[in-house]
Colleague: 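Handing you a structure now.
For this chain, numbers begin at 1 and follow the sequence in order.
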Amino acid sequence: MTRISTKLSFERLCSSILYLKRSRTPWIKTNDFEIGGDFKLDTIEPLLGSFKMAVNAAHVKQVFVHPVALFAIVDSYERRSEDAKRVVGTLLGTISNNFVEIKNCFTVPHVETQVEVAFDKEYASSMRELYKCASPSEEVVGWFATSNEVTGHSTLIHEYSAIECDNPIHLTVDTQLKTGRMSVKAYTSSPIGVPGGTMGTIFTPIPCQYKFYETELVAVKTFAKNKGGSKKPLSLLNSVGHISKSADVLLERLKDVLGYVNDVLNGLKPANNEIGQKLMTVVGSVPQMDPLQLEKMMNNNMQDLLMVLYLASLTKSQLAVATKLNSIL
């Protein structure tokens, strides 16, 4: 366990308390951020008035968070030690055109008190190397904390995270549901101060949005079925069930499209050129086939699928019988 900070001096405290939040203590709000303090407002205003706003804002436009990262954060919070108030860890993902995509993360053991923060740097390095071997395209993009706000110690951890990557993202996840829901917020930092004087850090919020792959969306929809807290286990659909459900969804969407087209033709809705162009693209991408030939092809594919299912079931039965015979003999 390596300590990354010492006791907070007054200068360090000034740097730590310049974080983005609307607190109960006096605060000053500008167009883009808020600066909070732990002492009287009349002592902050002259100090800020003498500062030259040397803000080196990060050029991150938006952050996209994948469900895998969120599930890992929530799971680590549920498995935390009894004396831990929150969980912190490293965010992994990709950066492209000033857009950050958080795809995965891992927790780093840490100890946090009122005066210092310490966490295991060796463990973090080992985990980073393991994840690099599994997903070479993913790199460190920042760090996360299970809290609904940026705290004074966030500055200290953010300084260490800045060593691992440039312009790290700070992600907060409200796992305690203090706001009534699990809010997820993303921040980027900028230094503020005068050369040779007290330096501070401003955490500026940036847009944060969820992003799903098709495979992730299937898992999210499955989990959403049990959002009422029911303890009844959910069963996954088999291959035929997925095909049937996809066909039903496709039919519903076709009905919506036909309803929209009929409303436009009858003058009930105004025509939209963009929608019309997309519909033409979809219709033009469908191969021109004879209905009987298309039906025959679909039946052949269905027969192939049923044959694969039958062979898989037969193989499973044979393995079960062989296991039973081996246990008897």
Colleague: In the hydrophobic clustering (ILVMFWY, side-chain contacts below 4.5 Å, transitive), which residues join V282, or is it alone?
Modeller: none

Colleague: F212 and H66: ring pair (Phe, Tyr, Trp, His ring centres under 6.0 Å), yes or no, with the steps?
Modeller: CA-CA 6 Å; F212 306 92; H66 284 263; 8.0 Å; no

Colleague: By side-chain hydrogen bond (donor to acceptor under 3.5 Å, both in side chains), which residues pair with E295, not counting sequence neighbours?
Modeller: none

Colleague: Using links of under 4.5 Å between side-chain heavy atoms of ILVMFWY residues, direct or through other members, which residues join F99 in one cluster?
Modeller: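 Cluster partners of F99: F64.
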
Colleague: Should side-chain heavy atoms under 4.5 Å link Ile, Leu, Val, Met, Phe, Trp and Tyr, which residues sit in the same cluster as L311?
Modeller: M307, Y310, L314

Colleague: Could you list all the side chain to side chain donor-acceptor pair (under 3.5 Å) pairs where at least one residue sits in residues 248-271, not counting sequence neighbours?
Modeller: none

Colleague: My understanding is that only residues two or more places apart in sequence, or in another chain, count here; which of them pass side-chain hydrogen bond (donor to acceptor under 3.5 Å, both in side chains) with Q303?
Modeller: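 Once residues adjacent in sequence are excluded, Q303 has no partner under the side-chain hydrogen bond (donor to acceptor under 3.5 Å, both in side chains) criterion.
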
Colleague: Members other than V68 in its cluster, when Ile, Leu, Val, Met, Phe, Trp, Tyr link by side-chain heavy atoms under 4.5 Å?
Modeller: none

Colleague: Please list, chain by chain and in numerical order, all residues satisfying side-chain hydrogen bond (donor to acceptor under 3.5 Å, both in side chains) with S76, sequence neighbours excluded.
Modeller: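 By the side-chain hydrogen bond (donor to acceptor under 3.5 Å, both in side chains) rule, S76 matches T107.
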
Colleague: Going by the rule salt bridge (charged side-chain N to carboxylate O under 4.0 Å, His left out), which residues pair with R181 if we only count those two or more places apart in sequence or in a different chain?
Modeller: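 Testing R181 for salt bridge (charged side-chain N to carboxylate O under 4.0 Å, His left out), a comparison that skips the adjacent residues, returns none.
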
Colleague: Between CG of L292 and NZ of K296, what distance do you get to the nearest 0.5 Å?
Modeller: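 Between atom CG of L292 and atom NZ of K296 there are 10.0 Å.
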
Colleague: Is the closest side-chain heavy-atom distance between T172 and Y187 below 4.5 Å?
Modeller: yes

Colleague: Can any side-chain N or O of S189 pair as donor or acceptor with the backbone N or O of F203 at less than 3.5 Å?
Modeller: no

Colleague: Do the rings of W143 and H170 sit parallel, tilted or perpendicular, given the 30° and 60° boundaries?
Modeller: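 The arrangement is parallel - the two ring planes meet at less than 30°.
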
Colleague: Of the non-hydrogen atoms in A84 and R80, which two are nearest, and what is the gap between them?
Modeller: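 Result for this residue pair: O-NE, 3.2 Å.
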
Colleague: Roughly how far, to the nearest 0.5 Å, is CG of N148 from OG1 of T151?
Modeller: 10.5 Å

Colleague: Report yes if the side chains of C165 and I95 come closer than 4.5 Å at any heavy-atom pair, otherwise no.
Modeller: no

Colleague: Following the transitive rule for hydrophobic clusters with a side-chain heavy-atom cut-off under 4.5 Å over Ile, Leu, Val, Met, Phe, Trp and Tyr, establish whether L250 and L217 coincide in one cluster.
Modeller: no

Colleague: So which atom in P168 and which in S161 form the shortest heavy-atom distance, rounded to 0.1 Å?
Modeller: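 Residues P168 and S161, closest heavy atoms: CB-OG, 3.4 Å.
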
Colleague: Excluding sequence neighbours, so at least two apart, what forms salt bridge (charged side-chain N to carboxylate O under 4.0 Å, His left out) with K245?
Modeller: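 So K245 forms no salt bridge (charged side-chain N to carboxylate O under 4.0 Å, His left out) with any residue.
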
Colleague: Please collect all side chain to side chain donor-acceptor pair (under 3.5 Å) contacts where either partner lies in residues 124-139, sequence neighbours excluded, each pair once.
Modeller: R128-E164

Colleague: Would you please name every residue forming a salt bridge (charged side-chain N to carboxylate O under 4.0 Å, His left out) with K178, sequence neighbours left out?
Modeller: none

Colleague: Would you say I206 and V63 make side-chain contact, with heavy atoms under 4.5 Å?
Modeller: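 Of all side-chain heavy-atom pairs linking V63 with I206, at least one is under 4.5 Å.
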
Colleague: Any side-chain to backbone donor/acceptor pair from T323 onto L319? Under 3.5 Å, distance only.
Modeller: yes

